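Written out below as structure tokens is the structure these notes cover.
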Amino acid sequence: MDKIILLIVTLFSLSTYANDGSKLWMGKMNLDVARKVTVKHVDGLGEGFNIEAISPERIVVQASTPQGGAYGRMAVARLTACGRIGKGMQPLSVKETPAFKYRILNHWDNLDGSIERGYAGRSIFWSSRMKGEAWKARIRAYGLANLSVGINGCVLNNVNASPKVLTHAYIDTVRMIANILRPYYIKVYLSVNFGSPLALGATKTADPLNVEVIKWWQQKVKEIYKAVPDFGGFLVKANSEGQPGPFDYGRSHADGANMLADALKPYGGIVLWRSFVYGAKHKGEDRVKQAVSEFKDLDGQFRDNVILQSKNGPLDFQPREPYSPIFDNMPKTSQAVEFQIAQEYTGQAKHLVYLASMWKEFFGYVSPKTLKGVAGVSNIGDETNWTHHDFSQANWYAFGRLAWDPTLTSEQIADEWLRLTFSSDSTFLAAVEPMMLKSREDCVDYMMPLGLHHIFAFDGHYGPEPDGYRADYPIEWCPVYYHKADSLGIGFDRSSKGSDAVSQYREPYRSLYDNLETCPEKYLLWFHHVPWDYEMRNGLTLWDNMQLHYDRGVKSVEDYSCVWKEVKTIEQRDGDADGSRWLRVDSLLKIQADNVRLWRDVCLRYFGRFAKKSNIVCKSRQ
């Protein structure tokens, strides 16, 4: 344990505190404090820990495992940096146990070093621009950052997996990465292509019930565990968006997942089987219904080392979605939620959008106690500051903290991160924390308010394209499919009179969402096709309210730059001496402001063409 902490201290003592963002939230944490803390063994705490702090000199961490002791020591360093442990402190008693067994980052990194939906450079794992010791140091720093927030696993490669990752050369790279990350208590996992034995020429089929296929996977798993004895397991995207899967052979998701689970079982490995499926067997069915349609009848048929991994919403990481009803429909199946830390649909790494409130919103509907794990699609790349936008680091941090303790509030996490990353100055916090906390709601306002969804520009998903339609694309990729604007109104009718997606929800939500009058306005256009002149609860029409939301979102973001200018002196005084970090953020806030004005103007111009056909008087702009 002491050797590990010494390694950590050495790693972050090689240079003075940098303002290039490379040290993330670790720059103000005195890790030497963590090294000196006494750790006492007690039974029964698992990965958790207790902290008893009478004074800065009298701190004891209790833990049952070295891993729990490491988490406890890092918590002491965090509490000290945030001012809860220090001179004049009140006695402090902390007892923490992680809410989820599996707290895993999913890297959508390709073997050529590119990253699908990556906005901060190239992969830190594959075909890296960093070589030798520099490569290892980057992965150690990654391990330390994850250790500090309790993340205990990472999937190293893209869910759209190349079969080549299971060849000997790449397994050897996995071995090297696992060896680097092991001191930080991080297990490595691999995304696997279900058709790998066929694609690699080892078998004539990938049928999960074929004896030769089963044997191939068993031998491959044996090879992996010989190289990486604590390997975590496989993440699988099957029969989705063109990926091969058990459907190709007339088999079920359970057949495919269980075959892999049986191969992993002797070694303690798990299968994370994604439920992100659409199109394969559901032509004409509402896309947001397809996961439940495909998996519900398989409930109870999966092995005990299979976990169904599902996105927080039923569509695809939108700025706001209702929770995915698959969490209501699989009570006999172990489940994990998948969040997206990478901001594919929330401005990518150009917008300041703090996502903790989105994830907290999910946990308000789905109890953490019903889940085995939490996965987060990583926003990490090889750029110096890891995430391109310095404020995007907060989403990595928030994911880790909520994966450890989902009862933490968005406010608590933002306050911690700002203190650790920027400053504990009360003026700074009073200005910047509110900006962070409202940024996700602002994003909803300026992109897709009132339940609108998926009206992004094709392919890249940056910027608006509400008129998007391409005859050669699946209709589920086209924005017009989702908003269905016409002269009568706007929105997707998922009520019992429409696609009946509401029937997949448990009560009281089924009835609540089904009734136009009781449906929460934040989900209104998700569940209903609403007339332009529909009077909403504030007395204004739907069209008036759409304009209000877009205008409000733009005005709020335009104020970000003003807030940032107000704290410039403090920000530079407290760790950014040359002002380079301030300038990075300032330049991105200007880009964001330009883009949100584009969102408003394009969307109101397009939707206005339909609203005007209804002869609606626009009160909100009079």
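As the structure is a prediction and not an experimental result, all values here were calculated from the model.
- Side-chain rings of Y323 and Y523 stay apart, their centers remaining 6.0 Å or farther from each other.
- For the pair D601 and R597, the salt-bridge criterion is not met [side-chain N within less than 4.0 Å of a carboxylate O].
- A donor-acceptor pair under 3.5 Å is formed between the side chain of T65 and the backbone N or O of G46.
- Between the side chains of S275 and S310, at least one donor N or O lies within less than 3.5 Å of an accepting N or O.
- Here R103 pairs with E47 in a salt bridge; the nearest charged N to carboxylate O distance falls below 4.0 Å.
- Sorted by first and then second residue, the side chain to side chain donor-acceptor pair (under 3.5 Å) pairs with a member in residues 118-128 read D109-S123; sequence neighbours excluded.
- Between W273 and F234, a ring centre-to-centre spacing not shorter than 6.0 Å is recorded.
- For W25 and Y397, the ring centers sit closer than 6.0 Å to each other.
- In this structure Y560 satisfies the ring-ring contact (aromatic ring centres under 6.0 Å, His included) test with no other residue, sequence neighbours excluded.
- Under a 4.0 Å N-O distance rule, the pair K187/D230 does not qualify as a salt bridge.
- Using the six-membered ring where Trp is involved, W564 and F422 have ring planes that are perpendicular, over 60° apart on the 30 and 60° scheme.
- For Y189 and H107, the gap between ring centers reaches or exceeds 6.0 Å.
- Using modelled atom types and a 3.5 Å distance limit, the side chains of Q309 and E338 yield a donor-acceptor pair.
- A donor-acceptor contact closer than 3.5 angstrom links the side chains of E116 and N160.
- A salt bridge does not link D20 to R581: none of the charged side-chain nitrogens sits closer than 4.0 Å to a carboxylate oxygen.
- Contacts of S424 classified as side chain to side chain contact (heavy atoms under 4.5 Å, CB included), with partners at least two apart in sequence or in another chain: R419.
- More than 12 heavy atoms of other residues, nucleotides or ligands sit less than 6.0 Å from atom NZ of K565.
- Heavy atoms from other residues, nucleotides or ligands lying under 6.0 Å from NZ of K87 number 12 at most.
- Annotation for Y365 and E361: closest pair CD1-O, 3.1 Å, computed over non-hydrogen atoms.
- Every side chain to side chain contact (heavy atoms under 4.5 Å, CB included) that P479 has, sequence neighbours left out, goes to I455, F458.
- Ring geometry for W526 versus H453: interplanar angle of 30 to 60°, hence tilted.
- Ring centroid separation for the pair Y345 and F456 comes in under the 6.0 Å cut-off.
- Without hydrogens or angle criteria, R584 side chain to H389 main chain gives no donor-acceptor distance under 3.5 Å.
- Formation of a donor-acceptor pair under 3.5 Å by the N110 side chain with backbone atoms of G113 is not found in this model.
- A distance below 6.0 Å separates the ring centres of W417 and F391.
- Around the NZ atom of K136, the shell of radius 6.0 Å holds no more than 12 heavy atoms that belong to other residues, nucleotides or ligands.
- By the 4.0 Å N-to-carboxylate-O rule, R573 lies close enough to D425 to be salt-bridged with it.
- With sequence neighbours excluded, the residues that form a side chain to side chain contact (heavy atoms under 4.5 Å, CB included) with R138 are I124, M130, W386.
- With respect to the salt-bridge test (charged N to carboxylate O, under 4.0 angstrom), the residues K590 and D594 do not qualify.
- The shortest heavy-atom contact between P368 and F100 is O-CE2, 3.4 Å.
- For Y550 (side chain) and M447 (main-chain N/O), a donor-acceptor pair under 3.5 Å exists by modelled atom type.
- In E133, the CD atom is crowded: over 12 heavy atoms of neighbouring residues, nucleotides or ligands sit closer than 6.0 Å.
- Heavy atoms from other residues, nucleotides or ligands lying under 6.0 Å from NZ of K438 number more than 12.
- Side-chain rings of H461 and H454 approach one another, their centers coming within less than 6.0 Å.
- When the options D445, D442, V557 are evaluated for a side chain to side chain contact (heavy atoms under 4.5 Å, CB included) with V596, the one that passes is V557.
- Ring pair F125/Y142: centre-to-centre distance below 6.0 Å.
- Residue W582 comes nearest to D576 through the heavy atom pair N-OD2, 2.8 Å, listed as atom of the first residue, atom of the second, then distance.
- Of the possible donor and acceptor atoms, one in the side chain of Q412 sits under 3.5 Å from a partner among the backbone N and O of T409.
- Of the residues listed (W396, Y184, Y185), the one engaging N146 in a side chain to side chain donor-acceptor pair (under 3.5 Å) is W396, and it is the only one.
- The salt bridge (charged side-chain N to carboxylate O under 4.0 Å, His left out) pairs that include a residue from residues 365-386 are R129-D382, where partners are two or more places apart or lie in different chains.
- At least one donor-acceptor pair closer than 3.5 Å links the side chain of Q592 to the backbone N or O of L352.
- Not a single donor-acceptor pair under 3.5 Å links the side chain of E416 to the backbone N or O of A414.
- No donor-acceptor pair closer than 3.5 Å links the side chain of N312 to the backbone N or O of F339.
- Between the side chain of S240 and the main chain of K237, no donor-acceptor pair closer than 3.5 Å is present.
- Here the side chain of E411 pairs no donor or acceptor atom with the backbone of P434 at under 3.5 angstrom.
- Here the shortest heavy-atom pairing between V165 and S191 reads CG1-O, 3.8 Å.
- For N379 and Q393, the side-chain atoms include no donor-acceptor pair closer than 3.5 Å.
- Here the shortest heavy-atom pairing between I570 and S423 reads CG2-OG, 3.7 Å.
- The two residues A63 and V39 come nearest to each other via the heavy atoms CB-CG1, 4.4 Å.
- Checked for salt-bridge contact, K36 and D32 meet the test: a charged N lies under 4.0 Å from a carboxylate O.
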